[in-house]
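Working notes, beginning with the structure itself.
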Amino acid sequence: MDKVRVRFAPSPTGALHIGGARTALFNWLFARKHKGELILRLEDSDSRRSSLDSAMGILDGLRWLGLDWDEGPEAGGDSGSYRQSERIDIYRKYLDQLLDLDKAYYCFCSSEKLAADKEAAQLIKADYKYTGHCQTISRNEAEQRIQKGECPVIRFKCPTEGITVVHDLIRGDVEFSNCLFDDFIIAKSDGWPTYNFAVVVDDHAMHITHVIRAEEHLSNTPKQILLYHALGWQLPQFAHASMILAPDRSKLSKRHGATSVQEFRDEGYLPEALINYLALLGWSAGEDRDFWKIDELIERFSLEGISRSPAIYDIEKLSWMNGHYLSQASAEDLAAILYKDARKRGFVSVGCEKKFIRVVELLKSRVKTINEILDQGSYFFVRVSSYDEKGSQKYFQKEDSPAMLKEALNLCRESSFSSPENLEQELRQKADELNIKAGQLIHPIRLALSGRTATPGIFEVMDVLGKNECIHRINSAILYAESL
RNA sequence: GGCCCCUUGGUCAAGCGGUUAAGACACCGGCCUUUCACGCCGGUAACAGGGGUUCGAGUCCCCUAGGGGUCACCA
């Protein structure tokens, strides 16, 4: 087999969404598995809809996920520019070839006329197909009209008989009747190629061996195959994975919450988690396993394992998986990611990074996203301004609440705060002396120190906060409790 | 509407003619525990429907239904 060459060819008209990311992942995995190459190509032939921002965003997203490409923007390569907008000469060449071969022709029909035809067809519930009206216009006449300033499109002379079969690596043979297609447009009136033409020219020129993409392209594939035939080119292999759907089974869109990889990044998801989740969404090794390292995915990946049915993405499972990766990650790494935000919120300043890392360590196994660490750990850095209401009723408003808090205060005053273990020992001893349960001291302390009823281990919390701060906060709590 | 793809619990998903139809998320119990989370143990829950083929069908074929895609001078 020739060296495997696959491509990811996004259109830079928006962010990299998870469907695109998964397609990129599958291609990447396939390339790495077979020691082949991944080509990144920007399909920006529609200048009105494409933007540089989108292109940069997509590149960023890919990089963040760890999906690198061997040829493409910023990587270079021997197959010319990897932006369609810079390949017009190439398209022009093959457009001319098809024209010369009489396999394509100029069409001067106005879009108004076409729209009217379409409407008329709909009225009598007939399928609309372009009539082939301009097929009779000679090449000479066409060129003269172009000289005079007319801007025709170019249509492909589509065979009307026979069937075209797509040998799909995932779905098997899929047959299409050629009579279904009309003479579709391969070049727009502004001279730029349409998708179906450009994709064929580029995949051929870039020596792509396997076209792995989402199912939405399956119906277009026969047209592309017809083009390959007309140009006399060898076909690549095709593999159409199913699509990723929103929870309501509709196509993913903004109204379904976060769907772009940038959003997931901003919301505190780890790239490893997203990769792991995406790999398992629509692909399976046939093995009962949830967590996969990237090397293991490369090792086990195969097209046969790709599912034919659409997959609905489930943010809950992604979050669960992210939580797992978070608890495994090093506190230093997470702190580094969080550092900027933490500074913005005044949680960390130069010189006290150690404390910040310690807090991250305590919290990372209790959250689903990185960002939650900051939200859930704010009290480590900022004094408590209010107390959880239910907690307050339970631990501050009881008759003996002030007394308990005062005992907690004594405990803090007497303790050397040498370690969480010692704090625990001291507290339990105090509880024994008072003939109460340790919890009767622990709960009020937790509320006093954090304002919350759920925190990491209380002795760790005390240890991080330190003696003076604990005394201060418990004093405040006493004042508060006595005022109730 | 034509054409194409798809159909195992709410979701992901194993299964590739013979199984008590895995596992995971979520949910519900229980344990652990100073709270929360983790972890551990247990539970509820599925082969869309109907015809065939076969000794035997979630697995093969057909029909119906449902979902998705496509039919652009978007990609």
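Each chain gets a letter, A, B and so on, in the order its sequence line appears, and its residues count up from 1.
Under the Watson-Crick or G-U wobble criterion, with both distances below 3.5 Å, rC3(B) is paired with rG69(B). The partner of rA48(B), taking Watson-Crick or G-U wobble pairs whose two distances both stay under 3.5 Å, is rU64(B). Partner assigned to rC25(B) is rG10(B), using Watson-Crick or G-U wobble distances below 3.5 angstrom. Within the shown strands, rC31(B) is the pairing partner of rG39(B) under the Watson-Crick or G-U definition, both distances less than 3.5 Å.
For the residue pair Asp202(A) / Tyr91(A), a side-chain donor-acceptor distance below 3.5 Å is found, with atom types taken as modelled. There is no side-chain donor-acceptor pair under 3.5 Å between Glu389(A) and Ser392(A).
Taking atom CG of Leu226(A) as the reference point, atom P of rU70(B) lies 20 Å away to the nearest angstrom.
Under the 4.0 Å criterion applied to side-chain N and carboxylate O atoms, Asp463(A) and Arg358(A) are assigned as salt-bridge partners. Between Glu424(A) and Arg428(A) there is a salt bridge, since a side-chain N of the basic residue sits under 4.0 Å from a carboxylate O of the acidic one. Salt-bridge check for Arg308(A) with Glu215(A): failed, with every basic side-chain N at 4.0 Å or more from each acidic carboxylate O.
Distances were taken from every side-chain heavy atom of Val153(A) (C-beta onward) to each of rU11(B), rC73(B), rA24(B); the shortest belongs to rC73(B). Here the side chain of Asp46(A) is nearest to one of rC38(B), rC74(B), rU70(B), namely rC74(B). You'll find that the side chain of Lys317(A) is closest to rC25(B), out of rC25(B), rC73(B), rU34(B). Of the candidates rC6(B), rG68(B), rU35(B), rC6(B) carries the atom nearest the Arg308(A) side chain, counting heavy atoms from C-beta on.
Counting any heavy atom pair closer than 4.0 Å across all strands shown, Arg49(A) reaches a base atom. Residue Ile458(A) is classed as a base contact, given a heavy-atom separation below 4.0 Å to a base. Within 4.0 Å of Arg249(A), counting heavy atoms only, lie sugar-phosphate atoms of the nucleic acid but no base atom.
Distances shorter than 4.0 Å separate some side-chain N or O of Lys188(A) from OP1 or OP2 on rA75(B). Regarding contacts with the backbone of rA13(B), every side-chain N or O of Arg289(A) stays at 4.0 angstrom or more from both OP1 and OP2. Residue Ser177(A) places none of its side-chain N or O atoms closer than 4.0 Å to OP1 or OP2 of rC3(B). For rC6(B), the OP1/OP2 oxygens have no side-chain nitrogen or oxygen of Ser242(A) closer than 4.0 Å. Contact annotation: Lys118(A) side-chain N/O to rC71(B) OP1/OP2 distance is not under 4.0 Å.
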